[in-house]
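Mind having a look at this structure? Questions to follow.
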There are 2 protein chains.
Amino acid sequence: MAGTSDNWKTQIRKGYLELCVLLLIQRHRKLYGFDLIERLAEASLHVKEGTLYPILNRMSADGLLGASWETENLKGHPRKFYALTRDGARLLTEMESEFGEMVSIFKNLSK
Amino acid sequence: MAGTSDNWKTQIRKGYLELCVLLLIQRHRKLYGFDLIERLAEASLHVKEGTLYPILNRMSADGLLGASWETENLKGHPRKFYALTRDGARLLTEMESEFGEMVSIFKNLSK
DNA sequence: ACCAGATACCTAGCATTGCAAGGTAACATG
DNA sequence: CATGTTACCTTGCAATGCTAGGTATCTGGT
C-alpha cells in the first residue's frame, strides 16, 4: 500500500497551502475561490474545494484577508473576492522568510 | 497575540520534521534519539523530546526505520539506535523530490 | 418547461500530526 | 544517598487537510 507516503503528502501540505494561497492573492491583488483553485492547479497544486474554502474563511476570521461579494456586472453565481489586509501582508512576509529558512536547512541536511 | 503566526509555524512543520529526521539518519547511517535532537538543534531545528520520540516510533512501526538497543561497551543509559530500512530509503527519495517540487512551486508563486 | 451541466460557495466529521506536560529509568558525582 | 544528566516514553489538546456530502445561480439542449 502507498498509505504511508500518501499520508506524508497530506501532512506536509499543512501550512504550505496557506502560504501559496496568500502568495497568489498578493500577486493578483484580489481573487475569488474558484479562480484560486484554477490558478493553483496551473501551478501544479491540486486543491479541492473542501480544502480551500475553510482556509479562506479561517484567514478572513483571523483578519489576514478581507472579503467582499460581487454580483453586479456579472452573470452566473455571485463571487466572493479576497484581498490581503495589512496584517495578512505582514504575516506573508514572515512566512516567506520562514519557509526560506526551512529550504536552507533541508539543503544543508541533504548534501 | 502572536498566535496566528505561531500556529502556522506549528502546522508547517508537519511532515517536514520526518523528512529532516530521515535525512540525518541517512547521513549518519544510525543515530539514537537524544543525539538526533542535538544534531537537529545544530541545524537550527529545535525539536522537543515529546515531538521526536513519537516520530521515531511511528516510522519504526511503519517499517521505515529499524531499531536496536545498545547497552554493551556503554556507560550510562541504554540507547536505541535507528537506521533506514530499504522502504525508508525509498520513501526518503520520494520525499526529497516532492519537497523539491514544493520549493519550485513556491519560487514560481513568489516572483 | 424541463433537465443536465458548469459555476460557485459552504459544512460536518475523520485521521493525523506537533507540542506541552509529565513520567520512568540508569548512571555519575559530590 | 541525593542531585543532576542522560535517555526514553505516554497522554491529551489544538489545528489542519481530505472525503463526502449539500446549496444556489445561470446556460444550453430537447
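Chain naming here is simple, since letters A, B, ... match the order of the sequence lines and numbering starts at 1 in each. Computed over heavy atoms, backbone and side chain alike; hydrogens, waters and symmetry mates excluded.
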Spacing between B:D6 atom CG and D:dT16 atom P, to the nearest angstrom: 13 Å

A:L40 side chain reached by A:V21 side chain, heavy atoms, under 4.5 Å: yes

Sugar-phosphate only, base, or nothing, as touched by B:G33 at under 4.0 Å among non-hydrogen atoms: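 The residue B:G33 makes sugar-phosphate contact but no base contact.
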
Within residues 52-63 of chain B, residues whose heavy atoms come under 4.0 Å of DNA chain C: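 Within residues 52-63 of chain B, the residues near DNA chain C are B:I55, B:R58.
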
Sugar-phosphate only, base, or nothing, as touched by B:T10 at under 4.0 Å among non-hydrogen atoms: sugar-phosphate

Residue-phosphate contact under 4.0 Å: A:R13 side-chain N/O, D:dC18 OP1/OP2: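 Answer yes for this pair, as a side-chain N or O of A:R13 is under 4.0 Å from OP1 or OP2.
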
B:K48 NZ to D:dC13 P, straight-line distance once rounded to whole Å: 21 Å

Side-chain heavy-atom pair A:M95, B:K9 within 4.5 angstrom cut-off: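 SC-SC contact between A:M95 and B:K9 ruled out.
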
Spacing between B:I12 atom CD1 and C:dG18 atom P, to the nearest angstrom: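 Answer to the nearest Å: 12 Å.
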
Comparing A:Q11 and A:D35 on DNA chain C - which has the more 5′ nearest nucleotide: A:D35

Nearest-angstrom distance from the residue atom OH of B:Y16 to P of C:dC19: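 Whole-Å distance recorded here is 12 Å.
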
side-chain N/O B:N7 vs D:dT16 OP1/OP2, d < 4.0 Å: yes

Validation row: A:Q26, A:T93 side chains within 4.5 angstrom (heavy atoms): no

Sugar-phosphate, base or nothing in reach of B:K14, heavy atoms under 4.0 Å: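 The residue B:K14 makes base contact.
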
Nearest-angstrom distance from the residue atom CZ of B:F34 to C1' of C:dC27: 14 Å

Any B:E98 side-chain heavy atom under 4.5 Å of B:L19 side chain: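 Heavy-atom side-chain distance check fails, nothing below 4.5 Å.
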
Side chain of B:R79 - closest among D:dC18, D:dC8, C:dC9: D:dC8

Chi angles and distances behind the ring pair (Phe, Tyr, Trp, His ring centres under 6.0 Å) call for A:F106, B:F99: CA-CA 9 Å; A:F106 165 76; B:F99 188 73; 4.7 Å; yes

Touch class at under 4.0 angstrom, heavy-atom based, for B:E49 against every strand present: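 Counting heavy atoms under 4.0 Å across all strands, the contact made by B:E49 includes a base.
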
Atom pair distance, as rounded to whole Å: CG in A:L36 and P in C:dT7: 16 Å

A:W8 CH2 to C:dA15 C1', straight-line distance once rounded to whole Å: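 Atom CH2 in A:W8 sits about 18 Å away from atom C1' in C:dA15.
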
Non-hydrogen atoms of B:L52 and B:I37 that approach each other most closely: CD2-CG1, 3.4 Å

Heavy-atom check, side chain of B:Y16 versus side chain of A:I12, under 4.5 Å: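 Side chain of B:Y16 against side chain of A:I12, heavy atoms only: contact under 4.5 Å found.
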
Whole angstrom value for the distance that separates P of C:dA20 from NE2 of B:H46: 13 Å

A:Y32 vs C:dA8: side-chain N/O to OP1/OP2 distance below 4.0 Å: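 Checking A:Y32 against C:dA8: at least one side-chain N or O falls below 4.0 Å of OP1 or OP2.
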
D:dC9 phosphate, OP1 or OP2, under 4.0 Å from B:K80 side-chain N/O: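 Yes, because at least one side-chain N or O of B:K80 sits under 4.0 Å from OP1 or OP2 of D:dC9.
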
Heavy atoms from other residues, nucleotides or ligands near NZ of B:K107 exceed 12 (cutoff 6.0 Å): no

